[in-house]
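Worksheet for the structure shown next.
We name chains A, B, ... by the order of the sequence lines, and we start the count at 1 in each one. What you see below is based on every heavy atom in this structure, not just the backbone, and it leaves out hydrogens, waters and symmetry mates.
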Protein chains: 2
Amino acid sequence: MPGRVDDMLDQLRSAGRRVTAQRRAVLQALARLGCAQDVEAIHARARRIHPRVGLVTVYRTLEALVGEGVAQRVVLGDDRTRYELGQEHGHHHHLVCLSCGSVQRLDECHLESKRAGRRHGFTVTAHRLELLGYCAKCGVPA
Amino acid sequence: MPGRVDDMLDQLRSAGRRVTAQRRAVLQALARLGCAQDVEAIHARARRIHPRVGLVTVYRTLEALVGEGVAQRVVLGDDRTRYELGQEHGHHHHLVCLSCGSVQRLDECHLESKRAGRRHGFTVTAHRLELLGYCAKCGVPA
DNA sequence: CCTGAAAATGAAAATCGTTTTCAATATGCC
DNA sequence: GGCATATTGAAAACGATTTTCATTTTCAGG
């Protein structure tokens, strides 16, 4: 994904935000890491690309990217906020291993829950689904 | 649910835990409040039942209840941990209003995602599903 | 290219929810 | 009742995240 990052930077620029080396680094870090990474991991990766990037900037940049629709927050139930590139399109969920904590992407999404919500007078505009269990490597504990 | 709380207290007692006025208050607060309440709300309600209950005790009691399978943690994506009575049986999800933050219970759960996980070498033992949108009272913003 | 207004950065301090420490208190088996 | 042990509460510690503020950087305009 070489041009993809540049496209996103252009998108930021057209939105009136400024493109800095730090933001480029965070964006590249996100592009290279898998999905649902925590801020610490993103910071570490970004630092390898551009050493001059502080943790605070990573937090701020991630929020800016979410605001621009370029990245999204992922809530998995542990104490840290995670982020990944992509939005509605490319919508997917996660398989979270209860043993090793690994997270893998699940691209399927068969959910006709809009109807369920509507039955309650509720308009469903998004949903969050996490499947918990044990990954192939860990196996189910005795 | 008068006897329900007592049953749960008995369950605690048989598990070697001690039953105190504070725990009774927290349990009653949970029984009277709706689902997915945050610790502050539970604390406030518990205090109305027994003024002598500290926030720390609420945290500890809630974890004890989770450990005993009497209560469960609910993760909705905001910054606070929520709790509610009940476990696997009585399994349900939530309709979370993006406007007012209200949470209502959704008792349906048609999810045949075990298969999806298995296809990835993953054994799904639980899942978490939250539907986000707008409740009847708020309506969808323009 | 310069220039300056506005945005972005970083380090330190502030927040905020939650957890731990520790001395004092309460529970419940004997 | 008495004692071993669990529980409590206040204060301090914690860890993730946010804010403050002085300094640096971007980039639109001349």
Expressed in angstrom and rounded to an integer, what is the separation of Glu63(B) atom CD from dT20(C) atom P? 10 Å
Electrostatic pair Arg73(A):Glu84(A) at N-O distance under 4.0 angstrom: no
Distance in angstrom units between Asp78(B) CG and dC16(C) P, rounded: 15 Å
Tell me whether Val66(B) shares a hydrophobic cluster with Leu27(B), the cluster being built from Ile, Leu, Val, Met, Phe, Trp, Tyr side chains joined at under 4.5 Å. yes
Figure out the CZ/P separation between Arg23(B) and dA6(D), and round it to whole Å. 11 Å
For dT18(D), take OP1 and OP2 only and decide whether either is under 4.0 Å from a side-chain N or O of Tyr59(A). no
Length of the NE2-P vector between His43(B) and dT18(C), whole Å: 13 Å
First of Gly16(B) and Arg47(B) reached from the 5' end of DNA chain D, by closest nucleotide: Gly16(B)
To the nearest angstrom, how far is Arg80(A) atom CZ from dG17(C) atom P? 19 Å
Could you give the CG-to-C1' distance, from Leu62(B) to dG17(C), as a whole number of Å? 14 Å
Can you tell me if Glu40(B) has over 12 outside heavy atoms packed within less than 6.0 Å of its CD? no
Send over the distance from Leu55(B) CG to dG9(D) C1', rounded to a whole Å. 11 Å
For a quick check, with a 4.0 angstrom heavy-atom cut-off, what is the B/S/- contact string for nucleotides 25-30 of chain D, read 5' to 3'? -BS---
Count the heavy atoms belonging to other residues, nucleotides or ligands that lie under 6.0 Å from CZ of Arg13(B), then report whether that count exceeds 12. yes
Is Gln22(B) near enough to dG9(D) that one of its side-chain N or O atoms lies under 4.0 angstrom from OP1 or OP2? yes
Please check the phosphate of dT17(D) (OP1 and OP2 only) for any side-chain N or O of Thr81(A) closer than 4.0 Å. yes
Would you kindly give the CZ-to-P distance between Arg73(B) and dT18(C), to the nearest whole Å? 10 Å
Can you tell which of dG9(D), dT17(D), dA16(D) lies closest to the side chain of Arg60(B)? dG9(D)
Taking all heavy atoms of Ala46(A) and all of Ala29(A), pick out the closest pair and write down the distance. N-CB, 3.7 Å
Using only heavy-atom distances, determine whether the side chains of Gln37(B) and His43(B) contain a donor-acceptor pair under 3.5 Å. no
Is it true that, when you exclude Gln11(B) itself, more than 12 heavy atoms of the residues, nucleotides or ligands shown sit nearer than 6.0 Å to its CD? yes
For Thr61(A) and for Val56(A), locate the closest nucleotide of DNA chain C by heavy-atom distance; then report the residue assigned to the nucleotide nearer the 5' terminus. Thr61(A)
